[in-house]
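On a predicted model such as this, the values are computed, not experimentally measured, just so you know.
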Amino acid sequence: MPHTMSRRGTQFDDSVRQHSGWLLPVAIFIITGLLSALVLLYYLAPNPASFIEEHATPTSRSDLVHLSVGGVAFTIPANYLPYGSARKGGARSDVALYATLPDFQGYSEDRGPDFTENDANAPVAYLLIREEQFNLSEAERLDRIYLNAVIQPRGTDGPFGLTQYAFRDDSGYRGEDLFVGHLASGVVVMRCVRFGPQVPSPSCLRDMPLAHGVALNYRFKRGRLEDWRQIASGVDRLVASFMRRDRK
């Protein structure tokens with residue numbers, strides 16, 4: 001009997017060793033495969049944001065939306081906000097707006113075509129309020145960045161009371177002109193894409209501080225550059241009104 005038990009014990013040990021011999025490589029193979037799949041998924045899978053790219057969904061509703069950017073509070077009518085996500089309100093890293101020119105009204109059904117056209121004189125301004133840690137003033141941006149990238153640092157007499165500069169082709173602003181004007185509130189610095197066969201409807205962009213850690217930029221069609229003063233003062237009044245409303 002002891003001899004029989006010993007033989008069975010030996011057979012059991014042999015079976016365990018045989019199973020261990022092929023289970024271990026299989027386990028390693030499975031684990032390696034899973035790790036490889038996770039690595040591939042991490043590097044190759046699309047970012048969740050790439051599945052859904054938000055598109056503008058205009059609304060003519062004028063109910064007030066309470067939101068904040070960089071700790072600065074705003075109360076903005078819904079028809080100034082092109083994106084539905086912004087109309088949910090709350091804290092955001094940035095918020096896009098648009099308004100008609102020259103009256104700075106929000107979207108409405110009767111002005112709907114103005115918000116979709118893209119001709120050289122399209123009557124819409126697009127604004128972006130965003131968090132900005134390194135928030136240079138326009139004068140600082142002009143002196144430290146732009147004037148180092150232009151052909152003639154002194155500029156030339158440009159149209160509409162502006163000083164005009166041409167950016168060098170080897171700069172990061174190739175194909176753009178720089179325009180500088182002055183208002184009672186301070187200097188106005190705008191970069192404008194040049195007209196060309198490939199760019200029949202270029203835009204101008206102004207970038208400036210709005211509050212500590214918060215910046216504002218706006219763009220409009222270069223065909224409306226002659227209205228730069230009215231656009232600058234209109235943007236100032238519009239954004240200030242959104243900030244004042246939250247304090248009432």
Would you say the rings of Y218 and Y126 are close, in the sense that their centroids are separated by under 6.0 Å? no
With hydrophobic residues grouped by side-chain heavy-atom distances under 4.5 Å, do V95 and V235 end up in a single group? yes
Is D227 salt-bridged to K221, going by a charged N under 4.0 Å from an acidic O? no
Mind checking side-chain hydrogen bond (donor to acceptor under 3.5 Å, both in side chains) for N148 and listing every partner two or more places apart, or none if nothing turns up? none
Given the rule that I, L, V, M, F, W and Y join up when any side-chain heavy atoms are under 4.5 Å apart, are V124 and L97 in one cluster? no
Can you tell me how far apart CE (M243) and CG (L238) are? Round to the nearest 0.5 Å. 12.0 Å
Salt-bridge criterion met for D207 and R130 (N-O under 4.0 Å): yes
When you group the ILVMFWY residues by side-chain heavy-atom contacts below 4.5 Å and let the links chain together, are L128 and V69 in the same group? no
Does F167 offer a backbone N or O that forms a donor-acceptor pair with the side chain of S171 under 3.5 Å? no
Exceeds 12 heavy-atom contacts within 6.0 angstrom, atom CG of D157: no
Using modelled atom types only, decide if a donor and an acceptor are shared between the side chain of Q164 and the backbone of L178 within a distance under 3.5 Å. no
Taking L81's backbone N and O only, do any of them form a donor-acceptor pair with R87's side chain (distance below 3.5 Å, no angle check)? yes
Is the closest side-chain donor-acceptor distance between S233 and D236 under 3.5 Å? no
Measuring from atom CG of L101 to atom CD1 of I231, what distance do you get when rounded to the nearest 0.5 angstrom? 5.0 Å
Side chains of P123 and T100, heavy atoms from C-beta outward: is any pair under 4.5 Å? no
Quick check on the hydrophobic clustering: are V214 and L67 connected, directly or via other members, by side-chain heavy-atom contacts under 4.5 Å? yes
Taking every heavy atom of H182 against every heavy atom of V187, the minimum-distance pair comes out as CE1-CG2, 3.9 Å
May I ask you to check whether F74 and F242 place their ring centres under 6.0 Å from each other? no
So F115 and Y98, ring pair (Phe, Tyr, Trp, His ring centres under 6.0 Å) or not? Walk me through it. CA-CA 8 Å; F115 289 84; Y98 52 15; 4.6 Å; yes
Interatomic distance, I145 atom CD1 to L147 atom CG [nearest 0.5 angstrom]: 10.5 Å
Donor-acceptor pair, S68 side chain versus A73 backbone, under 3.5 Å? no
Mind listing the closest non-hydrogen atom pair of R194 and R222 along with its distance? CA-NH1, 3.4 Å
Tell me, which pairs form a disulfide bond (SG atoms under 2.5 Å apart) where one or both residues lie in residues 121-234, sequence neighbours left out? C192-C204
Check whether any side-chain N or O of S137 sits under 3.5 Å from a backbone N or O of E140 as a donor-acceptor pair, and report yes or no. yes
Could you pull out all residues at least two apart from S60 that satisfy side-chain hydrogen bond (donor to acceptor under 3.5 Å, both in side chains)? none
In this structure, CZ of R224 is separated from CD of Q230 (nearest 0.5 Å) by 11.0 Å
Residue list, side-chain hydrogen bond (donor to acceptor under 3.5 Å, both in side chains) with D63, at least two apart or on another chain: R61
Rounded to the nearest 0.5 angstrom, the CG-CZ distance for L205 and R219 is 8.5 Å
What heavy-atom pair brings L183 and A232 nearest, and what distance separates the two atoms? CD1-CB, 3.8 Å
Residues which pass ring-ring contact (aromatic ring centres under 6.0 Å, His included) with F220, listed by chain and number, not counting sequence neighbours: none
Expected output: side-chain Y80 to main-chain F104 donor-acceptor under 3.5 Å: yes
For F195 and A120, the nearest pair of non-hydrogen atoms, with its separation, is CE2-CB, 4.3 Å
Would you sort out whether L225 and L162 count as a side-chain contact (heavy atoms from CB on, under 4.5 Å), showing the intermediate values? CA-CA 10 Å; L225 186 60; L162 295 163; 4.0 Å; yes
Side-chain contact, heavy-atom cut-off 4.5 Å: R206 with V188? yes
Over 12 non-hydrogen atoms of neighbours within 6.0 angstrom of CZ in R174: no
V72-L216 co-clustered via ILVMFWY side chain contacts under 4.5 Å: yes
Are the side chain of E176 and the backbone N or O of Y173 linked by a donor-acceptor pair below 3.5 Å? no
Residue pair T59 / A78: nearest heavy atoms and the distance that separates them: CG2-O, 3.6 Å
Would you call R92 and E131 a salt bridge, using N to O less than 4.0 angstrom? no
How far apart are the closest heavy atoms of V65 and A86, and which atoms are they? CG1-O, 3.5 Å
Test of understanding: with side-chain hydrogen bond (donor to acceptor under 3.5 Å, both in side chains), list the residues that count as partners of R141, not counting sequence neighbours. none
Salt-bridge test for R191 and D177: reply yes if a basic N is under 4.0 Å from a carboxylate O, no otherwise. no
Step through it carefully: locate the ring centre of F160, locate the ring centre of F179, and say whether they are under 6.0 Å apart. no
Determine yes or no for a side-chain-to-main-chain donor-acceptor pair under 3.5 angstrom, with T163 supplying the side chain and G155 the backbone. no
Atom CG of L127 and atom CG of L210: how far apart are they, to the nearest 0.5 Å? 10.0 Å
For a 4.5 angstrom cut-off between non-hydrogen side-chain atoms, does R154 reach T156? no
